[in-house]
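Residue numbers run from 1 in the order of the sequence given. Source: prediction; values computed, not measured.
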Amino acid sequence: MSDARLSVFKTYKLYVGGKFPRSESGRVYEVTDSKGKWLANAPLSSRKDARDAVVAARKAFGGWSGATAYNRGQVLYRVAEMLEGRRDQFTREVADAEGLSKSKAAAVVDATIDRWVWYAGWTDKIAQVVGGGNPVAGPFFNLSSPEPTGVVAVLAPQESSFLGLVSVLAPVIATGNTAVVVASEKAPLPALSLAEVLATSDVPGGVVNVLSGRTAEIAAPLAAHQDVNAIDLAGADEALAKDLEIAAADNLKRVLRPQPVDYTETPGTDRLTAFLETKTVWHPTGSLGASGSSY
């Protein structure tokens, strides 16, 4: 009996609303490694896929934003546990996607898992950093608290297929938003595999939706979509970013412009606060007695 066997090739799919559909268009495109070797066929998402992802993200927003910050942290930490268990798989995919040696790819994967844990730890702390009581000249309490913006479209970085992806996605959902992610066009496989981790963890369906394909083709309908509240242009080039900003202005989306980022560096809180709104409440202090003392 021959020891030779045929490899079982993986079929990558989109991740929308907690399910794994093929692209509505039926199209795929070839994904190759840094040397041009064929790796897989990835779904080539259409405008319809983008709209379906927004519907799923909006449906999931109420439950996710309404969960306690502590619970969101627990859910995100569970994702890190799942990533740790699939470390070898992601090491292979990152090595192929970015042309790295196995040891360097492993270091990237370790940094990515650590980055996810880092953001998981911020879920119940960011409100204390950017919110609180404000001093006012009058008999009032004045309290500010951060709230999630809503549905956020995220264009993942093109070159950093896994660490960059997590660095832009994790802060969006850690703060209670839901996301529609457009994976790196040339290296989408780590993002599509991350979707499988999200599906088998505790993240509710629709909180993260992952699309692959031509970045410009998918981003255009997302930037113009009236039910998308914000967009992160990390994966857009200068010309595309300008066009998307113009489209986003139609419904006053929050826009995070592309900028040079070293994803290996420990991030600050900028991406956590980029997609938060601040709610401020005024309340009279009242009077406690004849002396005029107040609380």
Going by heavy atoms in the side chains, are [X] and [Y] under 4.5 Å from each other?
X    : Y    : value
L44  : S23  : no
V31  : L189 : yes
L76  : T123 : yes
T215 : L240 : yes
S25  : K48  : no
V28  : R22  : no
S193 : E93  : yes
S212 : L192 : yes

Other residues, nucleotides and ligands only: do more than 12 of their heavy atoms fall within 6.0 Å of [atom1] on [X]?
X    : atom1 : result
E238 : CD    : no
Y29  : OH    : yes
K102 : NZ    : no
K104 : NZ    : no

Hey, any chance [X] and [Y] share a hydrophobic cluster, counting ILVMFWY side chains that come within less than 4.5 Å of each other, even indirectly?
X    : Y    : value
V117 : V108 : no
V207 : L272 : no
I231 : L211 : yes
V154 : L198 : yes

By salt bridge (Lys or Arg N to Asp or Glu O under 4.0 Å), which residues pair with D49, not counting sequence neighbours?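 Scan of D49 (salt bridge (Lys or Arg N to Asp or Glu O under 4.0 Å), adjacent residues dropped) gives none.
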List for me each residue that meets salt bridge (Lys or Arg N to Asp or Glu O under 4.0 Å) alongside R51, sequence neighbours excluded, and say none if there are none.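 Here no residue qualifies.
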With sequence neighbours excluded, residues passing side-chain contact (heavy atoms from CB on, under 4.5 Å) with R115: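 Once residues adjacent in sequence are excluded, the partners of R115 under the side-chain contact (heavy atoms from CB on, under 4.5 Å) criterion are Y119, L163, V166, S167, P267.
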Under the side-chain contact (heavy atoms from CB on, under 4.5 Å) rule, collect the residues that match up with T200, sequence neighbours excluded.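 Scan of T200 (side-chain contact (heavy atoms from CB on, under 4.5 Å), adjacent residues dropped) gives M82.
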Has R254 got its NZ or CZ under 6.0 Å from the middle of the six-membered ring of F275, at an angle within 45 degrees of the ring axis?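 Here R254 fails the 6.0 Å and 45° test against F275.
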Salt bridge (Lys or Arg N to Asp or Glu O under 4.0 Å) contacts in which one or both residues fall within residues 127-146, not counting sequence neighbours: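 Qualifying pairs: none.
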Would you mind listing every salt bridge (Lys or Arg N to Asp or Glu O under 4.0 Å) that reaches into residues 72-88, with sequence neighbours excluded?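 As it turns out, the salt bridge (Lys or Arg N to Asp or Glu O under 4.0 Å) pairs with a partner in residues 72-88, which skip direct neighbours, are R78-E81, R86-E196, R87-D110.
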Between E159 and K186, is the closest basic N to carboxylate O distance under 4.0 Å?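 Looking at K186 and E159, the cut-off is met.
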Charged N-O contact under 4.0 Å between D96 and K37: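 Result for this pair is no, no salt bridge flagged.
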Quick one: does D250's side chain have a donor or acceptor within less than 3.5 Å of a partner on A247's backbone?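 A pair under 3.5 Å: no.
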Do any N or O atoms from the side chain of N142 and from the backbone of W282 form a donor-acceptor pair under 3.5 angstrom?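 Side chain of N142 to backbone of W282, a donor-acceptor pair under 3.5 Å: no, none is there.
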Residues in side-chain hydrogen bond (donor to acceptor under 3.5 Å, both in side chains) with [X], at least two apart?
X    : result
E185 : none
T68  : none
Y15  : none

Angle class for the W38/F9 ring planes (parallel below 30°, perpendicular above 60°, tilted otherwise)?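 Perpendicular: the ring planes of W38 and F9 meet at over 60°.
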How does the hydrophobic cluster around Y70 look, that is, which other residues are in it when side-chain heavy atoms under 4.5 Å mark a link?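 Members alongside Y70: none; it stands by itself.
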Could you work out the complete set of other residues in the hydrophobic cluster of V281, with links drawn between I, L, V, M, F, W and Y side chains under 4.5 Å apart?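 When side chains under 4.5 Å apart are linked, V281 ends up in no cluster with other residues.
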How long is the straight-line distance from CG of L155 back to CG of L222, given to the nearest 0.5 Å?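 L222 CG to L155 CG: 7.5 Å, rounded to 0.5 Å.
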Any side-chain donor near an acceptor of the partner, R58 and N229, under 3.5 Å: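 Yes, N229 and R58 have a side-chain donor paired with an acceptor closer than 3.5 Å.
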Is the closest side-chain donor-acceptor distance between E98 and S34 under 3.5 Å?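 No, because no side-chain N or O of E98 sits under 3.5 Å from a partner of the opposite role on S34.
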Who pairs with W118 by ring pair (Phe, Tyr, Trp, His ring centres under 6.0 Å), at least two apart in sequence or on another chain?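 For W118 the ring pair (Phe, Tyr, Trp, His ring centres under 6.0 Å) partners, ignoring immediate neighbours, are W122.
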